[in-house]
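Input: a single structure, listed below in structure tokens.
Residue numbers begin at 1 in each chain, while the letters A, B, ... track the order of the sequences.
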Amino acid sequence: MGIWTYFLRRLVQVPLVIFFVSIIVFALMKVTPGDPVSIMLGPYATPETTATLKAKFNLDRSLPEQYLLWVGNLLQGDLGASIRSQEPVTDMVLNRFPVSISIALMATLLSLLIAIPAGVLAAYRRNSLWDYALMGFSTIGLSVPTFTLALVLILFFALKLQWVPIAGVGLRTLSDGFWPFVLPYIIPVVGLAVTTIAELARIVRASMLEVLDQEYIRVARAQGLGNLVILRVHALKNVFIPIITVIAIIFAFQVGNTITIEYLFSIPGVGSALINAVISRDFPVIQGLTLVVGIFFIGMNLLADILYAVVDPRIHYN
Amino acid sequence: MTVNKSPTQSPSEEGVELGSSHSPLRLAAGQFLRHRLAVVGVVLIALLSLSAVFAPYLTPYEPTKLNLQAKLSPPTWEFPLGTDHFGRDVLTRMLHGARISLLVGLGVVIIAAGIGTPLGVISGFFGGVLDNTIMRLMDALLTFPPLLLAVAIMGTLGPDTQNVILSVGLVYIPVFARLARGNTLSLRESTYVSASVALGAPNWRIIVLDVLPNIIGVIVVLVAVTFSKAVILEASLSFLGLGVQPPTASWGRDLNEARRYIEDAWWLAAFPTFMIAASVLNMNFIGDGLRDALDPRANK
């Protein structure tokens, strides 16, 4: 099977996965214990407001009808509106998704910039002090939740040293000057990146070790080529294959992980909107945001698969 | 390590070669004990569990009782880890927080393994439309990042400790289902399952006697990994204010409240952070040791 047939078959699966994700998001809102309308309205509900709200959300219809009406609106770009602020969820997504994405993208870039050289060096100097230090850091970095790391960074760099502000992401634009715009991003992005640096450095080290163990590297060595030449010309090329394929996954992971960071730094992204919606039990917002994030992740998975097929010709399409 | 204690090896071969004193379990235990960090992990987590169980008897304080005269006291002989803004002893709250973390971890693996494993085995064993429906649903669940899905589920269930267990458990069901299905699929091709089929054994008998004993190893490894992830997720949810509700002691929740005093009362943030990191680290060590001992593909 050729690569194009593989892409086509992979693409055809996407609507099916989106269908199942939409079923799950829909079901999520239907398993709420108790009556969602009375939860949303709180103790001040009157029979009239309850009835209006029920009609507004089609809760007076059968489940399949509700699902179809919901999907019908989705297809027209209507994700519903917040019960609290009346703000359309579509607007919320359009305003907030770019913020989350930009932070996740920066954290991904930072992870790559640090983890690739660190991992390559650790494998190259296997069992050296550097190798042990990096693996130790990686083990601890994977055990500590993102928000605790961010708290430590806040304490030292924002409160003790006062190098960077705690809040301000999304409040300023580039027209306020370069540093006032950039500085607030530093702690959130670094805090977000630590976990993925830990994970990625491990992957890079493992794949580098595997490559260095290959016959062609030993042949190159036997030919008397210098270590740096071997590294640059022969080894790195093959190390990048697994890395390129995990980039999409790492980026997606960052988007999922921004949620605690957005909360901690009051960043107006999708994560903080979701938390606010959960706290105020704003069901249409929870539903809309979850669906959008789900579809985003389906896209990232697709991208990862495609990248994988493109960069690694050995892959079997099945 | 050359001795292969792979659980997927056919039982007859193992019996002939190794004899009864080298049962697979004993070999796995030996392998595990050779993993030094894993042994340290088991000892420390056992200590943590014991102190969680006996928390009420270990300190003279109660985790939720206010004592405003003693508020924000730094670590002293009287309060070894200091007190919080309500004058509650931090050590007492850490021990009671361990109860929540371990309880959530336990509940989550029971739900996730208890529902996910049978789903995966049934899916892999019978295949067809059933397999397709179950696995597409599992794939859809796996699409979401764990924390985000847990947050969304908390939104429908409402914040509460019991709901934390439910939502995080649900998040990890597909992980078990996928692993169980994959292993069942490859077992179904094995000679001894074909032999059982040829002998006319009913499906339930093959599943219980041939499939389950052979996938239990990888499931146990996943249980250890999931346990530590559940501890992190509980801490994250409680930190966000969506999990365990005050005044109940929870490491994540206490960390959230410590934010306001982070400059003046370092002990409030330091100890919950330490408890979360140390327990997750040790659980991961146990997971590594179990993987070396039980997962035949992980032998390196």
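B/N256 touches chain A through its side chain: at least one heavy atom from C-beta onward sits under 4.5 Å away, while N, CA, C and O do not. B/I262 touches chain A through backbone and side chain together, each having a heavy atom under 4.5 Å away. Looking at A/I286, the atoms closer than 4.5 Å to chain B (heavy atoms on both sides) all sit in the side chain, from C-beta outward. The contact between A/L159 and chain B is made by backbone and side chain atoms together, counting heavy-atom distances below 4.5 Å. Looking at B/A269, there are no atoms closer than 4.5 Å to chain A (heavy atoms on both sides), in backbone or side chain. Of the two parts of B/L141, the backbone and the side chain both hold a non-hydrogen atom closer than 4.5 Å to a non-hydrogen atom of chain A. Contacts of B/L240 with chain A are made by both backbone and side-chain atoms, with heavy-atom separations under 4.5 Å. Interface remark: B/D139 contributes no atoms to any contact with chain A (heavy atom separation under 4.5 Å).
Using a 4.5 Å heavy-atom threshold, the side chains of A/T139 and A/R202 count as touching. For the pair B/E257 and B/P246, the minimum side-chain heavy-atom distance is below 4.5 Å. Under the 4.5 Å side-chain criterion, counting only non-hydrogen atoms from C-beta, A/I101 is in contact with A/F251. Between B/T226 and B/V223 the shortest side-chain heavy-atom distance does not fall below 4.5 Å.
Here the CH2 atom belonging to B/W251 is positioned 4.5 Å from the CE atom belonging to B/M275, to the nearest 0.5 angstrom. Separation of atoms CG (B/L48) and CZ (B/R99) is listed at 12.0 Å; rounding is to 0.5 Å. The distance from the CD1 atom of A/I250 to the CD1 atom of A/I203 is 5.5 Å, given to the nearest 0.5 Å. The line from CG of B/L102 to CD of B/E234 is 10.0 Å long, rounded to the nearest 0.5 Å.
Between A/G294 and B/F144, the shortest heavy-atom distance links the atoms CA-CE2, 3.4 Å.
In terms of non-hydrogen atom pairs under 4.5 Å with chain B, the most contact-rich of A/L264, A/V255, A/I23 is A/L264. Taking chain B as the reference chain and counting heavy-atom pairs below 4.5 Å, the highest number among A/V144, A/V17, A/L151 is found for A/L151. Heavy-atom pairs under 4.5 Å with chain B peak, among A/N301, A/N257, A/T148, at A/T148. Counting heavy-atom pairs closer than 4.5 Å to chain B, the top-ranked of the candidates A/G256, A/S22, A/S143 is A/S143. Taking B/L147, B/V151, B/N284 one by one and counting their heavy-atom pairs under 4.5 Å with chain A, the maximum is reached by B/V151. When the candidates B/L149, B/I276, B/L157 are compared by the number of heavy-atom contacts under 4.5 Å with chain A, B/L157 comes out ahead. Per-residue counts of heavy-atom pairs under 4.5 Å with chain B were compared for A/L149, A/L155, A/L289; the largest is that of A/L155.
Using bins of under 30°, 30° to 60° and over 60° for the plane-to-plane angle, the ring pair A/F296/A/F97 lands in the perpendicular bin.
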